[in-house]
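This report refers to the structure that appears directly beneath it.
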Amino acid sequence: MTSQTYDYIKIEKKWQKKWYKEKIYEAKKQDKKKFFIHFAYPGVSGYLHVGHMRGFTYCDIISRYKLMTDHEVLFPAGFHASGIPSFGFAKKVERKDPDIIKMLKEYGLKDDFIKKLKDPTKVVEYFGNVYVKDYWKKFGFLIDYSRIMSTISEGYKNFIKWQFHKLNEKHLLIKKPHFAPYCSNCGPVAVDKSETDILKGGNAEILEFTTIKFKLIDGTILPAATLRPETIFGVTNMWVNPNVEYVKAKINDEIWILSKQAYEKIIFQVDSIKLLKEKIKGQDLIGKKCIIPLINREIKILSGPFADPNVASGIVMSVPAHAPYDWIALVESGEDIDPITIIDVKGYGTNPAKEACDALNIKSQTETEKLDQATEEIYKKEFHTGYLNENTGKYAGIKVSDIKDEVKNELIENNQAIIMREFSEEVICRCGRKVIIKQIPDQWFIKYSDGNLTNKSKKHVSNMNISPEDYKNELPGILEWFDDRACIRKGSWLGTEFPFKKDWIIEPISDSTLYPAYYIVSKYINEGKIKPDELTVEFFDYVFIGKGKAKKPIWSIIKNDFDYWYPVDLNLGGKEHKTVHFPVFLMNHVAIMPEEKRPKGIFVHWWVTQKGKEKISKSKGGAEHINEAAIKYGVDAMRLYYSHIGSPFVDIEWDVEAVTKYKNRLANIYKLVYQIKELKDKSNNNLDNWLISIMHRSIKKTKDALENYDLRIATNEIFFECQKNIQWYLNRGGGNKKILNNFLKNWIILMTPIAPHLSEELWMLKGMKNLVSLENYPSFNQEFISEKDEVGEYLLQKVTSDISEILKVTKIQPKKIFIYTSPEWKINIMKKTIDQIDKNTFNIGMIIKDTITDPKLKNNAKEVSQYVGKLQGEIKKLNENDKKRYLTDIKEFTYLEQAKDYLNNIFKCEIMIYSSDSDNIYDPLNKNRFAAPLRPAIYIE
RNA sequence: GCAGGGGUACCCGAGCGGUCAAAGGGGCAGGGCUUAGGACCCUGUGACGUAGGUCUUCGAGCGUUCAAAUCGCUCCCCCUGCACCA
């Protein structure tokens, strides 16, 4: 192994050891500006994958950058251990789930140890360790490891209890009934796409059927369930399935007729319900009459075999003017009933349902596919563009989309309807039972709907620093829409006991809103300087909101810390947090913390997906394991990949080949530094000044980008532009040791936040003794900018590419190349014209006159006027950069003359350079007349 | 349903009124370096062109403008989040 081999494994180990030994990560309160950054702590649900590292890495990059720009940085981390995941994991271990056991064995765990993971707290402990040791430390994160905490620790629980006391004091805890997915065997279950808790039905939505109480003559209730309560005005009859035996139930004081299936669902949703012995055949209801509530019209019950006993109440009201199913059924029934139109919609006449059926040529109730299509079409049209007409009484003229809830609410207030909730598709629990929706009568909520809280939060957002900008604009809407959130639950999971109701546990979103504040305390807990049971309500009142007095000296020490570090400057999290975590993070701070302690910034990043934009999921194959990837590609390569492959605000694909390319790039940089070491010292003023100048441009661009957290732009500048520049310098023949050294040092520092291990290694190679991680980021200095040399190199590149172009087109094998730089008068005119156009004083005649006062140009008047004429249009198209280039004073002839060796080298032939102003020019084809500023004429033999 | 984001050359992806035939990377082709290379360097990669040029392109169609990938409208198509999962 030669010294030039990039042995990243060795390098990583070496520098991590040093960082962690010297504890350079530890945040210390100093007289500097502080920066508090953290990521939304991960849930403890198993091993993480390469996707999770994206956000963590961004956080470390920003944190390292701040550390290098004169900030004292606090970058803590912890685990969100509350909730179902660790509990579920433990359960799986307990029942020896083969996938889980296999996975644990793959990670090298012994049977004895695996057994221990039946205990959820052991699960948390184990994975907490994995996250710290195998992920965060392996990636070189300068997390303050002295503050690591978990949400199921005693101290944290006391903190959460305090939070809920505060919410209660502010009247932000309320009680009301709630409807939640529930398994009669396992308790509450989460219905979501990941299907953690369930076997089937992850895509199910909860549908809210307005169940309207139609009354039979004897007062018995025939409940018709509908998603479109506003159509009640258009009801002409009822549909009852003749083949179904309905049951009767007593709900409060009412007798209801409904399907057996409906009964079994509704018992969980109403307070008082009793099944009666009496049953009734659908057939026996047909022909009877009932009354439409609200409008008190009498209608007939008809036979509707399509009325599905599994859907809602099993009984359907018929709106033939607006529901294709009802229309066709009515036609087929042969009854003499006129549809009632209640909605006016552009593009339809008096009976939209009939028109839609006709358009699709629907003839029978059995054509369900077409009927569904017709239903959807009409529903969409009517909902978005329809208005209720005169048949709807006081609602006439109102938009359908605005009225739905009003009709529903009126019916409910009049005790003429209830809401019945049901899944859009079947949901089956892990245990095999059907998941139902259950009413929880006295559910506690955090009142996020509170107007005052919402408004204050929205106002706070407007002063925050939020990336991306789009999210900042979205947030007020989200806060507005964010509703009360059920905050406690009873069931098998981990979390803090709710202080106001015994045996109930605070749910995991509600216990992770103010938590960055706890990082200030966790350090003292971890170091044994204060005990968990000392963290009383008085303690937190004093430390966090300055209420009361310090009962012990340590209280004021902690408070001092808190006052220095808080608020959070930047909270990073994935896009999944946009509508859940970030809103509650904000609103709880606004509710509880004083104004100066509310968060300053949020950074939302998108995900790493599998090929084909699929979410990486452990259950569905998953991506590479973090530790394997780290060995295969190297940590710095992965860090570079995350920060460069795409904008933080798009999903990126995990692309093994791309990561490999990044790895090679780092190896090249490593080699390049070695190669430069071996160069012979030589100087070239123009070129050397150019390198310094361009270096400072890069410094400026990088810093500007990093200040805005534009990680990708910064990374591009450092790892691609800088490399390109130094490559140009070397290819051009540059070799000034002093300047190269200076360039490299700056370059290495620039790289450090992104590829810290490589940077440390290179820094040492340059003979530096200190840690580059603790260096100061280079600062931009205008003095080092040399416009002249930048323009000179630009000219050279332009000439080179022009010559190449000519060679390519003409296919000439060049023997001699002649270059003619612009005559002085054209340069003067160019400058004058730019100046005058900018000042809006352009006068073509004056410029020509001025120019030909020069006796040498007297005979060239025609050429002069032609040139000026063309210039005008061209200059208007120029941008500021271009203009600046033309206005820069540079002796083109001299510059090119000095770069002759380079041209010589490139084109492998003799190069002759002339100024168009000089007399002895070899120019057989009179090409020099085409010479213009920064665009010399070329002639090739 | 509510809300958000997109469609750019072979692919990924930047650009978001003139600097745009459109950055950067990858792929592909040719050349170089090499014992070899899947490492690295150079060149090319819309079409046409024996002089640095011209022509046609940025989902589709209209429009605004001296000027549009970039702005407006309409349409088509994709993707994502949505609360008791974190």
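Being a predicted model, the structure only gives us computed values, none of them experimental. Reminder, nothing fancy here: chain letters follow the sequence lines and each chain counts from 1.
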Considering Watson-Crick and G-U wobble pairs with both distances under 3.5 Å, what does [N] pair with?
N      : answer
C10(B) : G26(B)
G1(B)  : C82(B)
G37(B) : none
U50(B) : none
G72(B) : C62(B)

Could you tell me how far apart [X] ([atom1]) and [N] ([atom2]) are, to the nearest whole angstrom?
X         : N      : atom1 : atom2 : answer
Asn731(A) : U43(B) : CG    : C1'   : 13 Å
Leu807(A) : U50(B) : CG    : C1'   : 11 Å
His52(A)  : A86(B) : NE2   : P     : 13 Å
Lys575(A) : A3(B)  : NZ    : C1'   : 14 Å
Phe720(A) : G24(B) : CZ    : P     : 11 Å
Lys578(A) : G81(B) : NZ    : P     : 10 Å
Lys724(A) : G24(B) : NZ    : P     : 5 Å
Ile478(A) : G81(B) : CD1   : C1'   : 9 Å

(request) Identify whether NZ of Lys or CZ of Arg in Arg421(A) sits under 6.0 Å from the centre of the six-membered ring of Phe209(A) and within 45° of that ring's axis. (result) no

(request) Cation-pi check, Lys663(A) to Tyr8(A): give yes when NZ or CZ is under 6.0 Å from the six-membered ring centre and within 45° of the ring axis, no otherwise. (result)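 No cation-pi geometry.
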
(message) Between Glu941(A) and Lys815(A), does any side-chain N to carboxylate O distance fall below 4.0 Å?
(response)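 Salt bridge absent between Glu941(A) and Lys815(A).
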
(request) Determine, for Glu717(A) against Lys701(A), whether the closest basic-nitrogen to carboxylate-oxygen distance falls under 4.0 angstrom. (result) yes

Check every strand shown and say whether [X] touches a base, only sugar-phosphate, or nothing at a heavy-atom separation below 4.0 Å.
X         : answer
Glu474(A) : sugar-phosphate
Phe649(A) : nothing
Lys811(A) : nothing
Val189(A) : sugar-phosphate
Ala180(A) : nothing

For [N] and [M], measure between their [atom1] atoms and round to the nearest Å.
N      : M      : atom1 : result
U19(B) : G13(B) : P     : 25 Å
A67(B) : C55(B) : P     : 16 Å
A9(B)  : G26(B) : C1'   : 14 Å
C41(B) : U34(B) : C1'   : 12 Å
C79(B) : U65(B) : P     : 38 Å
G7(B)  : C71(B) : P     : 11 Å
A14(B) : G24(B) : P     : 15 Å
G53(B) : A22(B) : P     : 11 Å

(request) Could you pick out which residue, Glu576(A) or Arg665(A), lies toward the 5' side of RNA chain B when each is mapped onto its nearest nucleotide? (result) Arg665(A)

(request) Assign each of Arg485(A) and His577(A) to its nearest nucleotide of RNA chain B by heavy atoms, then name whichever residue's nucleotide is nearer the 5' end. (result) Arg485(A)

Ring-ring centroid check [X] [Y], cutoff 6.0 Å:
X         : Y         : result
Phe127(A) : Phe79(A)  : no
Tyr641(A) : Trp654(A) : yes
Trp728(A) : Tyr902(A) : yes
His38(A)  : Tyr515(A) : yes

All N/O contacts under 3.5 Å from nucleotides 51-56 of chain B to the protein, with atom names and distances to one decimal?
{"from": "A51(B)", "atom 1": "N6", "to": "Ile940(A)", "atom 2": "N", "distance (Å)": "3.4"}
{"from": "A51(B)", "atom 1": "N6", "to": "Ile940(A)", "atom 2": "O", "distance (Å)": "2.9"}
{"from": "A51(B)", "atom 1": "N1", "to": "Ile940(A)", "atom 2": "N", "distance (Å)": "3.0"}
{"from": "G52(B)", "atom 1": "O2'", "to": "Asp802(A)", "atom 2": "OD1", "distance (Å)": "3.1"}
{"from": "G52(B)", "atom 1": "O6", "to": "Ile938(A)", "atom 2": "N", "distance (Å)": "3.4"}
{"from": "G52(B)", "atom 1": "N1", "to": "Pro936(A)", "atom 2": "O", "distance (Å)": "3.0"}
{"from": "G52(B)", "atom 1": "N2", "to": "Asp802(A)", "atom 2": "OD2", "distance (Å)": "2.5"}
{"from": "G52(B)", "atom 1": "N2", "to": "Pro936(A)", "atom 2": "O", "distance (Å)": "2.9"}
{"from": "G52(B)", "atom 1": "N3", "to": "Asp802(A)", "atom 2": "OD2", "distance (Å)": "3.0"}

(request) Produce a footprint string for nucleotides 14-22 of chain B: one letter per nucleotide, 5' end first; B if the base is under 4.0 Å from any protein heavy atom, S if only the sugar-phosphate is, - if neither. (result) S---SB---

(request) Check whether any side-chain heavy atom of Ile440(A) lies under 4.5 Å from a side-chain heavy atom of Phe179(A), and answer yes or no. (result)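 The answer is no, as the side chains (C-beta and beyond) never meet within the 4.5 Å cut-off.
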
(request) Answer yes or no: is there a side-chain heavy-atom contact under 4.5 Å between Trp493(A) and Glu507(A)? (result) yes

(message) Does a side-chain N or O of Asn668(A) approach OP1 or OP2 of C40(B) to a distance below 4.0 Å, or not?
(response) yes

(request) Would you please confirm or rule out a distance under 4.0 Å between OP1 or OP2 of U50(B) and any side-chain N or O of Lys808(A)? (result) no

(request) Measure up the His49(A) and His52(A) rings against each other and bin them: parallel (under 30°), tilted (30 to 60°), perpendicular (over 60°). (result) tilted

(message) Please verify the inter-ring angle class for His644(A) with Tyr662(A); under 30° counts as parallel, over 60° as perpendicular, anything in between as tilted.
(response)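 Ring orientation of His644(A) relative to Tyr662(A): perpendicular.
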
